[in-house]
Every structure is written in structure tokens, then in C-alpha cells.
There are 2 protein chains.
Amino acid sequence: MLDSVRRPTLLFDPLFKLNSRSKNGPARATPPDTTLTWRRGASPAARRKEIFRSLGLVLRERGLASLTMQDIADRLGMTKGSLYYYFKDKQDLLYQCHLACMSVSLDALARTKGSRRPPAARLRAVLTQHIRAITDEVYGAVMLTDLESLAPPQRKRYVAMRDRFEKGVRALIREGVRRGEFKPVDARLAGFAILGAINWIPKWYHPGGELSSEAIAESFVDFLVAALEP
Amino acid sequence: MLDSVRRPTLLFDPLFKLNSRSKNGPARATPPDTTLTWRRGASPAARRKEIFRSLGLVLRERGLASLTMQDIADRLGMTKGSLYYYFKDKQDLLYQCHLACMSVSLDALARTKGSRRPPAARLRAVLTQHIRAITDEVYGAVMLTDLESLAPPQRKRYVAMRDRFEKGVRALIREGVRRGEFKPVDARLAGFAILGAINWIPKWYHPGGELSSEAIAESFVDFLVAALEP
DNA sequence: CCTACCGATCGGTAGG
DNA sequence: CCTACCGATCGGTAGG
């Protein structure tokens, strides 16, 4: 929030951009106010991540129906064509973004594998980090995207990852049930309810609003794990 | 499921449709197998509802990113232009569909107003009907759509409806807290968690699958209300 | 990374 | 409700 970040558009010729845009109608109204870091010296990996963030911002502001390559590029002050230097095509961009998001949650899950703490504590840790992954990275909003936009082979790979995460959560629930820490719930349905409540967060969460992501994570985890306790 | 429904496409000349489609590339692959009722004698209201169902089916199968007027029409065996006889434009269609879906849940809420039953019972009734509204009407999937696709005045009207529903749910939670039936939770966050879990259902629910909508509704309501109990 | 461009598709309309 | 059509936009590419 206090980063000294400037709109990168100014690194280029603004007039030129306006002309190239106005060919197909008036230029986009009101420039974005959310900060995006885009430095010339940045590594390709860092740039990719900024593109993910731009994707997430457009998604939140204009919705999936108008998530265009043009809008994603505009936000970063680059041209649409340049995006294809970093990603093969739109499906690839979406896929990589999904991967980046899910891998954070999968890491959280992996970290609990070796733990000897009780299932409830492990579940709490995983859910907390899953929530933080969604709220703290703008591109957590990709979770709301429909997987149908992905190319079939990539969709398959992503769904496999997501299933691994969901199964991990269910396993924690089942273990808690087995140990008597949790009520004898249907792990599958309980998992759907818990993860659905969390995945829905980007629909109403506004960074910088009155509800901090920490407060949300704590409240949600308390609430959702309470539903499991006897 | 046992309805004697036939694909309405057959009422017209299939060859003609194929030609008109192939102008812009190959015709759509694999016709839909989900039944849609489309009778010539039906009332405009009934036809509108069928269009909603077609919208919901396309949404579930191809995702929001490819929810086109053409696809919605194809499923019903009518031409794209004909949709504009029933709805002003795409935004209007989406708006009306949102209204149709939300009004069911609002009705459920209104029905509890006069009730003298305890808050927990009233909340259970509202949530159960909200779930059923989403699962039993195919077009419950519109809940996943982003509101940015709606025209601003219509969006405002819909959001007002949605807020009324959310506030009603929160009021029930608060009443339960006040009476000591529920734990002292933050009604706003608890409401987000509960409704998020429910609104996410279309993401994984498959009509005709092993989980019936009744079973889901019962499990979910048990689980979510348990999270509120002391 | 930008320029200049194309093909395809999509929402929408006029006229019947 | 269909036909025939248009303007705009969108994803993507060649060449630098």
C-alpha cells in the first residue's frame, strides 16, 4: 500500500497508446487505482506473477465475462500482443494462474503431513493458509473462474491437483472423526461445505476494507471447525 | 426424468440449421442429452422459464466464458434472434434469470416472518429452501455468474434483493444469538460462510448423481447450523 | 516487448 | 418466431 509504485503506462508514450486503442472505439475509461509493480529489470518470473495479479484485478472489477487479454495488458501498461511473449495463449495464462494459486494451498497441506498434532489443529492450519492464499494474492479470484476455459489436458492436470487438495482435507476430517475429535460427519459433504464457504470469499472480500484477511481467516476457521466438533 | 420430452430441433429442418451454422465453421458437436421442454402451445412465461433452464445448462456445461446467445438458443432448437423476442438483450436475460432464482429464496424468507418457531428452526427452513432452489432449478447456476454482466440499473436492483436475503439470514442468526440458542458469532461473517457454502453447490452438484438434492440439503443444513450451536 | 493486422465470433437488429 | 445481415470485439500471429 505504501509502495512507491507508478503506473507503468508512463514509461511509454501515452498518446500513442490512446491512438492505438481509439481505433476500435473510445479508450478505456478511468485508469486503475490498484497498484501493480512492473519494473523493467524484473525477472520473467516476477513479470508472470504481475500478469497473474492483473488478471485477478480485472476479474474482480469487470468479471469473468469481460476478462480479455486487452484488459489484462492495459492494466500493466503493455500491449496485448506482449502477453503472448509470456504465455502461449489465454488458456495457458489461466492455467498457470490456477496452478500458482493452488500450489500454495497444496504446500500448506504437505506441511501438515509430517505433523503429529491432532487432526483439528492440522485442519485449522491448512484452512487458514488456504484462506490467506485466496485473500492475500489478488489472483485468488481465479478460483471463481470456470474450468471450462482451460484446454482439456491442462484442465485435467489442474483438476488432479484440486482433487489432491480436497482429498487431503477430507482425510483430515476422517481422521478427526476416527479419533473422536469430530462428529461422525460425511467427510465429502463436510469438505464441500467448508471449501465452498472459503472459495466464495473473493465474491465479497475487498482488500483494505474493514475486514482484514487475518480476521476473516480466524473467524472462518473457528466457525467451520466448530461445525465438526461434537 | 421420465417426461416424454423430445428435442425440439426436430420440429424444424435439421439440415437447414446445420447449414446456417456451418457458415462460421463446423456445427456444434454432440447435441445435448438433458431434456428441455419446448412446446409450441406453451405460454410466453413457460417459454421464458425454459430459456432460463437452457441458460443454466449451457452455464454448467460450457462455463460462463462461453455462455453465448447462440448456445442458449441451440439447446432449445430455436434461432439466436428469436431470443430477442422474449428478452430485450443478453443483460436482460441474465437479470431476469437472477430474479427468478432469488425470488424463490426470498419467498422462503418471507414465509418465516410470521412464524413463532425458534430462530434455529426458521433458519433451517430458509436454508433448506435456498438449497433446493439452487439444486432443483438448473438455472440456480446463475448464482455463480458475476454481476458485472448485468446492466448497472438492473444490477443495483438485483443486489438490493440479494442484500435483503442476506440481511434476513443475518437477522435470524442474531436472534438466535440473543436468545442464547446460538453462540455469539459475528452474524455477518457467519452469514457469508453459510451462504458461500450453499452458493458453491452448483460447482460440484450433478443432478441424477449419487447425492440427491434432498440429502445435500439435509446434510448441509445440519452441518451449517451445528456451527452456530453452543 | 511493440506494430499492424487477420479470421472468427458474438451481440444485436431490420424486416418479415 | 426465422432470415440475413452488420459492427464491434476478441484471441491470436507475423515480423521486427
Side-chain angles (χ1 to χ4, degrees), chain A residues 8-9 11-28 38-44 46-48 50-51 54-55 58 62 64-74 76-95 149-151, chain B residues 8-9 11-28 38-44 46-48 50-51 54-55 58 62 64-74 76-95 149-151:
Chain A
T9 312
L11 293 174
F12 308 98
D13 181 4
L15 197 55
F16 200 31
K17 278 201 67 63
L18 265 174
N19 286 341
S20 85
R21 288 292 300 148
S22 61
K23 187 172 51 182
N24 297 334
R28 284 279 188 280
W38 188 255
R39 283 158 297 127
R40 274 200 178 283
S43 69
R47 295 184 192 222
R48 265 176 235 261
E50 278 312 297
I51 294 174
S54 180
L55 191 163
V58 174
R62 302 205 214 284
L64 174 61
S66 46
L67 181 72
T68 67
M69 296 299 269
Q70 186 68 254
D71 280 340
I72 296 170
D74 279 356
L76 289 163
M78 65 199 297
T79 58
K80 182 180 63 167
S82 304
L83 288 175
Y84 292 86
Y85 173 78
Y86 293 101
F87 298 97
K88 186 176 156 287
D89 51 26
K90 192 182 179 184
Q91 293 186 323
D92 182 44
L93 168 54
L94 283 166
Y95 170 63
S149 320
L150 270 50
Chain B
T9 312
L11 294 173
F12 309 95
D13 182 4
L15 197 55
F16 198 38
K17 279 199 67 63
L18 264 175
N19 286 341
S20 84
R21 290 290 302 149
S22 61
K23 185 172 50 182
N24 297 335
R28 288 273 189 282
W38 189 256
R39 283 159 297 126
R40 272 199 181 281
S43 70
R47 293 183 195 222
R48 267 176 234 259
E50 278 311 298
I51 293 174
S54 179
L55 191 165
V58 174
R62 303 205 215 282
L64 176 61
S66 47
L67 181 71
T68 68
M69 296 298 269
Q70 185 69 255
D71 280 340
I72 297 171
D74 280 354
L76 289 161
M78 65 199 297
T79 58
K80 180 180 63 166
S82 304
L83 287 175
Y84 292 85
Y85 174 78
Y86 293 102
F87 298 97
K88 184 175 158 288
D89 51 27
K90 192 182 179 183
Q91 293 186 323
D92 182 44
L93 167 54
L94 282 166
Y95 171 63
S149 319
L150 271 48

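Order of the sequence lines sets the chain letters (A, B, ...), proteins ahead of strands, with each chain counted from 1.
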To the nearest angstrom, the OH-C1' distance between A:Y84 and D:dA14 comes to 14 Å
Non-hydrogen atoms of B:L64 and A:A65 that approach each other most closely: CD2-N, 4.3 Å
Rounded to the nearest 0.5 Å, what separation is found between the CD atom of B:E50 and the CD1 atom of B:I72? 13.0 Å
Where the side chain of A:S82 is concerned, which of D:dC10, C:dC2, D:dC2 is the nearest nucleotide? C:dC2
Closest to side chain of B:K80, choosing from D:dG12, C:dG11, D:dC2: C:dG11
Would you mind reading off the distance between A:Y86 atom OH and D:dG12 atom P, rounded to a whole angstrom? 18 Å
Would you state whether a donor and an acceptor, one from the side chain of B:K90 and one from the base of C:dG12, lie under 3.5 Å apart? no
Between CG of A:D89 and P of D:dA14 the distance, given in whole Å, is 14 Å
Are A:V58 and A:T68 close enough, and set up right, to give a side chain to side chain contact (heavy atoms under 4.5 Å, CB included), and what steps lead you there? CA-CA 9 Å; A:V58 174; A:T68 67; over 6 Å; no
Write down the distance between NZ (A:K88) and C1' (D:dG11), rounded to a whole number of angstrom. 12 Å
Under the side chain to side chain contact (heavy atoms under 4.5 Å, CB included) rule, what do A:Y85 and A:M78 come out as? Steps first, then yes or no, please. CA-CA 11 Å; A:Y85 173 78; A:M78 65 199 297; over 6 Å; no
Tell me the stems DNA chain D sits in, counting at least three consecutive Watson-Crick or G-U wobble pairs, each under 3.5 Å on both distances. C:1-16 with D:1-16
Minimal non-hydrogen separation, B:S66 against B:D71, with atom names: O-OD2, 3.3 Å
Between CD1 of B:I72 and C1' of C:dG12 the distance, given in whole Å, is 14 Å
Minimum heavy-atom distance between A:I51 and A:Y86, given as atom pair plus value: CD1-CD1, 3.8 Å
Between A:L93 and A:M69, the two heavy atoms sitting closest are CD2-SD, 4.1 Å
Would you mind reading off the distance between B:Q70 atom CD and D:dC2 atom P, rounded to a whole angstrom? 11 Å
How would you label the contact of B:L93 with the nucleic acid (heavy atoms, under 4.0 Å): base, sugar-phosphate, or nothing? nothing
Between B:Y85 (OH) and C:dG12 (P), how many Å, whole number? 19 Å
Rounded distance in Å - CG (B:L67) to P (C:dG11): 8 Å
